[in-house]
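In what follows, a single structure is set out as structure tokens and then discussed.
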Amino acid sequence: MSQTLLAPKVKVNQKWQLWINGKFEDGASERTLFSPATGKELCKVSEASREQVEKAIKAARKAFDEGPWPKLTAAERAQFLFKLADKIDEKASELAELETINGGKPLRESQYDIADSANCFRYYAGLITKPSGQAVNVPAPSFSTVVREPIGVCGQIVPWNYPLLMAAWKLAPALAAGNTCVLKPSEYTPLTAVYLAKILEELELPQGVVNIVLGDGPTAGQPIAHSNLVDKVAFTGSVKTGKAVAQAALGNLKKVTLELGGKSPMVVFSDFDVDTAVDYALFAIFCNAGQVCSAGSRFIVEESIYDTFVSKFVARAKKIRVGPGLDSETEMGPLVSETQMKRVLEYIQIGQKEGAKLELGGEQLKGGKYGEGYFVNPTIFSNVKPNMRIVQEEIFGPVAVVQKFKGESEAIKLANDTPYGLAGAVFTSDVTRAYNVIKAIKAGITWINGYHNTYVECPWGGYKQSGWGRELGTFGLDAYTEIKQINLNLDPQPIGWFE
Ligand code: NDP
């Protein structure tokens, strides 16, 4: 297969600065970003000091308490968000290139992410203008209404696997509801967030409504989770950091939503076409090189088709074209960073030491088109036991484990046998069984005979240690609002409770 490296139009060698109170400024320090596809230096980005993060929080506070944004009508905010969505579409090719250059994923995946980001802004622009609240029939002479109001300043901490999309999932409902925001992208993938700031500036978003602070978790993330000036923190990332964020948020009991990843099961019954199941399995685990919170990473396969499934899965996975994201032939890109690659390779070693059978992959790909990039080939383990670390822990890389079950109840038991509960799927042609199994799986996002379809209209979030609360859909908007009851006394008379 010939390699066709696209020449990106977007300029990476430019100033990547913080955006605070409507102005771009240099950070207190600088970080060098490395290309996941080559391992070579990509560019330098500014990073904020704690003081600059505090400044951003204060700007968001002022914009909420005194600025025009929360007082605009829903239709006015919607108008802005529609324009923003259109602008993202207009700049889609540059944004997609940036996402691929910075995070490594194949361009076709970045293109989907950018389109989904625009649609997320569009969805919340539409939703905020729809009727909400309640009028309640309470005893006369009172009249009660229930209204939703913005929460205030929202701190938003996002990871590196879907940089712009995760920012959109958080900014869109927050802005639609009238909040102001301080967004912290991952230290590894800040480029599209800064590009977004440029768009927001061009569209003349009022000062301080969105602030973007770059930097690592301890310097730029933790002060957001801690600050008493922040009313809500929304976080996507690992369980460990999520717990630290929740702990830090306790100081002023800020509202918290957490989206923390998973170890999601895909259950395959023997009555389902094996080739089709394998096709979905490839998509479930190797899309974005497995760096997806909802990735299907545990394949729980009925005993009678186990061997066939494993051999077909291995045969198809072997053919996946791994390469740089800008190569038009590439189907799976590198991992985001050297750290993540080492973490994944370490898990592969752990799996081998635990006695699982390595059916495919397990190595870093080097030389030729891989250069010094962070490439790990598709990896499949069979003969795994439920208590192995590679079965229990989120690896966040292209590593699948295939488990065996006998009977529906064992399938359900295995599916639920991790601390996570983000996503899950079942493949069967028996509709009753499909429904029973999916009902029994403790997860917030589920599919029957499918995997990974994500709809902005449907809630996203997990059971158990996969998080708190939901993003997307109407639930995602609720998470950025407070509920207030307003009781109007239509006939105020002394009540004489005290003499
Ligand atoms: P983290 O959970 O550490 O990072 C997620 C975000 O939180 C990043 O923006 C990070 O900043 C920030 N952060 C880190 N420490 C703090 C802190 N103390 N207070 C506030 N914010 C903080 O994930 P990693 O990037 O380290 O990835 C590790 C593992 O997490 C992955 O291998 C994967 O298992 C899981 N993960 C899950 C994701 C999901 O979608 N559910 C997404 C990403 C990771 P920075 O990175 O800049 O330091």
Side-chain angles (χ1 to χ4, degrees), residues 27 29 31 33 36 45-48 50 53 57 102-103 105 113 155-163 165-167 169-170 182-191 193 212-227 230 233-251 254 256-264 287-295 297 335-347 374 376 389-390 392-399 418-423 444-445 452 454 460-462 465-468 471:
S29 56
R31 172 185 297 270
L33 297 185
V45 295
S46 266
E47 290 206 331
R50 279 181 164 255
V53 179
I57 294 170
N102 192 179
K105 64 176 66 178
D113 294 356
Q156 303 174 316
I157 301 171
V158 297
W160 39 259
N161 54 343
Y162 289 88
L165 188 59
M166 290 298 104
W169 283 18
K170 289 180 169 48
V182 180
L183 175 82
K184 190 204 94 62
S186 160
E187 68 196 80
Y188 296 109
T189 53
L191 302 189
I212 295 178
V213 289
L214 313 185
D216 64 18
T219 317
Q222 214 207 16
I224 296 174
H226 257 288
S227 173
V230 174
V233 62
F235 169 83
T236 299
S238 63
V239 170
K240 187 165 166 259
T241 311
K243 286 180 181 173
V245 165
Q247 200 79 38
L250 279 176
K254 56 176 71 65
V256 180
T257 42
L258 302 173
E259 205 273 87
L260 304 179
K263 189 77 185 174
S264 300
C287 171
N288 200 13
Q291 303 166 111
V292 186
C293 54
S294 54
S297 48
L335 297 173
V336 72
S337 63
E338 191 176 13
T339 311
Q340 190 60 14
M341 178 183 71
K342 285 186 175 158
R343 207 180 115 93
V344 170
L345 292 171
E346 202 181 308
Y347 266 112
Y374 314 134
V376 173
R389 284 186 62 194
I390 55 163
Q392 290 294 320
E393 297 174 20
E394 185 178 44
I395 298 174
F396 230 62
V399 183
T418 76
Y420 292 103
L422 186 62
I445 307 150
H452 271 326
T454 304
W460 187 271
Q465 294 198 32
S466 286
W468 284 350
E471 296 189 299

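Order of appearance sets the numbers: ligands from 1, and atoms from 1 within every ligand. Note: hydrogens, waters and symmetry copies are ignored here, and every other heavy atom, side chains too, is used.
When atom types are taken as modelled, the side chain of Asn161 and the backbone of Gln291 share a donor-acceptor pair closer than 3.5 angstrom. With Gln465 contributing its side chain and Val239 its backbone, the two residues share no donor-acceptor pair below 3.5 Å. A donor-acceptor pair under 3.5 Å is absent between the side-chain atoms of Ser466 and the main chain of Leu260, judged by distance alone. Of the possible polar contacts, one joining the Lys263 side chain to the Glu393 backbone as a donor-acceptor pair under 3.5 Å is found. Lys254 places a side-chain N or O within 3.5 Å of a backbone atom of Ser227 that can act as its donor or acceptor partner. Of the possible donor and acceptor atoms, one in the side chain of Gln340 sits under 3.5 Å from a partner among the backbone N and O of Phe396.
When non-hydrogen atoms are compared, ligand 1 lies under 4.0 Å from the side chain of Arg343 (C-beta onward) but not from its backbone. Residue Val158 touches ligand 1 through its backbone alone, judged by heavy-atom distances below 4.0 Å.
Of all heavy-atom pairs spanning Ala48 and Val53, the tightest one is CB-CG2, 4.0 Å. Nearest heavy-atom pair across Leu335 and Pro398 is CD2-CD, 3.9 Å. A pairwise comparison of heavy atoms in Ile224 and Ile57 identifies CA-CD1, 4.1 Å as the closest pair. Leu214 and Ala220 get closest at one heavy-atom pair: O-CB, 4.0 Å.
For ligand 1, the atoms sitting less than 4.0 Å from at least one non-hydrogen atom of Leu260 are 41 (N), numbered in the order shown with element in parentheses. Within ligand 1, the atoms closer than 4.0 Å to a non-hydrogen atom of Gly261 are 41 (N), numbered from 1 in the order shown. Residue Asp216 approaches ligand 1 through these ligand atoms, each under 4.0 Å from one of its heavy atoms: 47 (O), 48 (O). Heavy-atom proximity to Gly215, at under 4.0 Å, picks out these atoms of ligand 1: 47 (O).
In this structure, Gln340 counts as a contact residue of ligand 1, since one of its heavy atoms falls inside 4.0 Å of the ligand. Residue-ligand proximity: Gly242 is placed with every non-hydrogen atom at 4.0 Å or more from ligand 1. Residue contact check for ligand 1: Ser186 places a non-hydrogen atom closer than 4.0 Å to it. Heavy atoms of Tyr162 stay at 4.0 angstrom or farther from ligand 1.
Looking only at heavy atoms of the protein, atom 25 (O) of ligand 1 is closest to Trp160 NE1, 2.6 Å. Residue, atom and distance of the protein heavy atom nearest to atom 40 (O) of ligand 1 are Cys293 CB, 3.2 Å. For atom 43 (C) of ligand 1, the closest non-hydrogen atom of the protein is Pro159 CB, 3.4 Å. Closest to atom 18 (N) of ligand 1 among all protein heavy atoms lies Gln222 CG, 4.0 Å. Closest to atom 45 (P) of ligand 1, if we only count protein heavy atoms, is Glu187 OE1, 2.9 Å. For atom 33 (C) of ligand 1, the nearest non-hydrogen atom of the protein is Phe396 CG, 3.4 Å. The shortest contact between atom 30 (O) of ligand 1 and any protein heavy atom is with Ser238 CB, 3.0 Å. Looking only at heavy atoms of the protein, atom 11 (O) of ligand 1 is closest to Lys184 NZ, 3.0 Å.
Both tests hold for Lys105 against Tyr162: distance to the six-membered ring centre under 6.0 Å, angle to the ring axis within 45°.
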Met341 vs Leu345, test: side chain to side chain contact (heavy atoms under 4.5 Å, CB included). Steps then yes/no.
CA-CA 6 Å; Met341 178 183 71; Leu345 292 171; 3.9 Å; yes
Could you walk me through whether Gln156 and Met166 pass side chain to side chain contact (heavy atoms under 4.5 Å, CB included), step by step?
CA-CA 9 Å; Gln156 303 174 316; Met166 290 298 104; over 6 Å; no
Working for salt bridge (Lys or Arg N to Asp or Glu O under 4.0 Å), residues Lys342 and Glu346
CA-CA 6 Å; Lys342 285 186 175 158; Glu346 202 181 308; over 6 Å; no
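Closer than 4.0 Å to atom 47 (O) of ligand 1 lies at least one heavy atom of the protein.
Looking at ligand 1, you'll find an N or O of Glu394 within less than 3.5 Å of one of its N or O atoms.
With distances taken over non-hydrogen atoms, the option nearest atom 36 (N) of ligand 1 out of Gly217, Ala248, Gly237 is Gly237. Residue Thr236 holds the heavy atom nearest to atom 5 (C) of ligand 1 of all those in Val239, Thr236, Ile157, Leu183. Among Thr241, Ile395, Leu258, the residue whose heavy atom lies nearest to atom 17 (C) of ligand 1 is Thr241.
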